[in-house]
Amino acid sequence: MKNDMPTPTHTIPIPTPDGEFTARYSSQGLCALEFPSGMKQRRKEAVTARPAAQVLQWHAATSKSLRLTLAGRPLKAPPPIDLSSGTEFQQRVWQTLRKIPRGRTWSYAQVAQAIGNPKAVRAVGGACGANPIPVFVPCHRVVAANSGLGGFSGGLNWKRALLRREGVTVPD
DNA sequence: TAAGTGCGTCGTT
DNA sequence: AACGACGCACTTA
């Protein structure tokens, strides 16, 4: 069963040296982060009200944290994360991903074991692919057990880049 | 070793 | 009922 999407109250772009990311906020905090899209998708996101002070504060934290991460620096004070869009299973997986130390990688099997569902290896892969907040919910730290990378919604090049920038040596 | 095939498993659509 | 961001056992070169 899928929960209702947290209604994003605000959608705000984040310019970085790697392109323009897009952050979405709900009343609970950051609920989605999108990689720069190749095309200039200038469509208006129907943002009604002007961001409240609360959201602006979160966004400042998001921007700063994102830029630090992209620069290969350890992340300091990330914004509150809203994972309520996921199913029970997905949320369990996503919370677990947040426990993977920076610079380290776990296999999909290890994650499955960590959530107490050792046989749901493939399902874990699915949950990773559905992760709405990459980078902050480090799904890029989950790799295949046989020394290969798995996949990555944002493109494998991003997965490699993120891992390398935090000191992990990965194959081509 | 390296590369390819088949199948169990489980959450999601 | 079908499909994966998997893993493992088991062939073949």
Side-chain angles (χ1 to χ4, degrees), chain A residues 1-8 11 14 16-26 28-39 41 45 62 65-72 74-75 78-79 81-172:
Chain A
M1 294 186 167
K2 175 163 39 180
N3 297 323
D4 296 324
M5 277 286 288
T7 63
T11 297
I14 305 178
T16 79
D18 292 281
E20 184 177 281
F21 284 68
T22 300
R24 298 183 197 285
Y25 299 88
S26 69
Q28 307 301 308
L30 179 65
C31 65
L33 181 68
E34 294 161 17
F35 286 100
S37 54
M39 320 298 277
Q41 58 179 139
E45 295 282 351
T62 301
S65 297
L66 177 60
R67 278 190 271 267
L68 280 175
T69 298
L70 293 179
L75 172 161
I81 304 295
D82 178 6
L83 263 24
S84 66
S85 69
T87 63
E88 181 85 27
F89 179 81
Q90 293 172 327
Q91 291 191 41
R92 220 158 68 222
V93 171
W94 297 339
Q95 288 298 353
T96 299
L97 299 189
R98 300 182 69 188
K99 297 177 186 166
I100 304 178
R102 194 182 104 92
R104 296 272 309 286
T105 63
W106 288 10
S107 68
Y108 293 91
Q110 275 177 285
V111 175
Q113 189 175 319
I115 63 174
N117 205 339
K119 283 175 290 189
V121 180
R122 206 153 183 179
V124 165
C128 288
N131 171 25
I133 315 180
V135 181
F136 290 93
V137 175
C139 58
H140 60 278
R141 301 199 181 122
V142 185
V143 300
N146 53 103
S147 73
L149 294 180
F152 198 67
S153 341
L156 274 166
N157 17 338
W158 266 114
K159 188 169 188 173
R160 274 189 284 265
L162 290 173
L163 285 174
R164 283 178 176 147
R165 292 181 193 189
E166 53 184 71
V168 177
T169 51
V170 306
D172 309 309

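Sequence lines set the chain letters: A, B, ... in the order given, protein chains first and strands last, and positions in each chain run from 1.
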Exercise. Just how far, in rounded Å, is P of C:dA5 from CD of A:Gln90?
Worked result: 13 Å

For this session: In whole angstrom, give the distance that lies between atom CD of A:Gln110 and atom P of C:dC6.
Result: 15 Å

For this session: Round to the nearest Å and state the distance from A:Arg160 atom CZ to C:dA5 atom P.
Result: 16 Å

Problem set entry | Nucleotide nearest A:Ala145 (side chain, heavy atoms from C-beta), chosen from C:dA5, C:dC8, B:dT12 | C:dC8

Exercise. Any side-chain heavy atom of A:Tyr25 sitting closer than 4.5 Å to one from A:Thr62?
Worked result: yes

Exercise. Can you list the steps and then say if A:Arg160 with A:Leu149 is a side chain to side chain contact (heavy atoms under 4.5 Å, CB included)?
Worked result: CA-CA 8 Å; A:Arg160 274 189 284 265; A:Leu149 294 180; 3.5 Å; yes

For this session: Give the ring-plane orientation class for A:Phe35 versus A:Phe21, where under 30° counts as parallel, over 60° as perpendicular and anything between as tilted.
Result: tilted

Exercise. Roughly, in whole Å, what's the span from NE2 in A:His140 to C1' in C:dA5?
Worked result: 14 Å

For this session: Let me know the distance between CG of A:Leu162 and P of C:dA5, rounded to the nearest Å.
Result: 18 Å

Exercise. Can you tell me if the side-chain N/O atoms of A:Asn146 get under 4.0 Å from OP1 or OP2 in C:dC8?
Worked result: no

For this session: Measure from CD on A:Gln113 to P on C:dG7 and round the result to the nearest Å.
Result: 12 Å

Exercise. Would the number of heavy atoms belonging to other residues, nucleotides or ligands and lying under 6.0 Å from CZ of A:Arg104 be above 12?
Worked result: no

Problem set entry | Spacing of A:Arg92 atom CZ relative to B:dC10 atom C1', expressed in whole Å | 12 Å

Exercise. Hey, is CD on A:Gln110 packed in by over 12 heavy atoms from elsewhere, all under 6.0 Å?
Worked result: yes

Problem set entry | Options C:dA5, C:dG7, B:dT9, nucleotide nearest the side-chain atoms of A:Phe152 | C:dA5

Exercise. When we call it a touch if two heavy atoms are under 4.0 Å apart, what does A:Gly129 touch: a base, just sugar-phosphate, or nothing?
Worked result: base

Exercise. Is A:Ser153 touching bases, backbone alone, or none of the nucleic acid, heavy atoms closer than 4.0 Å?
Worked result: base

Exercise. B:dG8 base to A:Arg122 side chain: any donor-acceptor pair below 3.5 Å?
Worked result: yes

Exercise. In terms of side-chain heavy atoms of A:Cys139, which of C:dA5, C:dG7, B:dC10 is nearest?
Worked result: C:dA5

For this session: Would you indicate what A:Tyr108 reaches in the nucleic acid, counting non-hydrogen atoms under 4.0 angstrom: base, sugar-phosphate, or nothing?
Result: base

Seminar exercise, completed: note: A:Leu149, atom CG; C:dG7, atom C1'; distance rounded to Å ~ 16 Å

Exercise. Of the nucleotides C:dG7, B:dG11, C:dA5, which one has an atom closest to the side chain of A:Lys159?
Worked result: C:dA5

Exercise. Paired with B:dT13: which nucleotide, if any, by Watson-Crick or G-U wobble criteria at under 3.5 Å for both distances?
Worked result: C:dA1

Exercise. Toward the 5' end of DNA chain C, which comes first, A:Ala144 or A:Ala123, by nearest nucleotide?
Worked result: A:Ala123

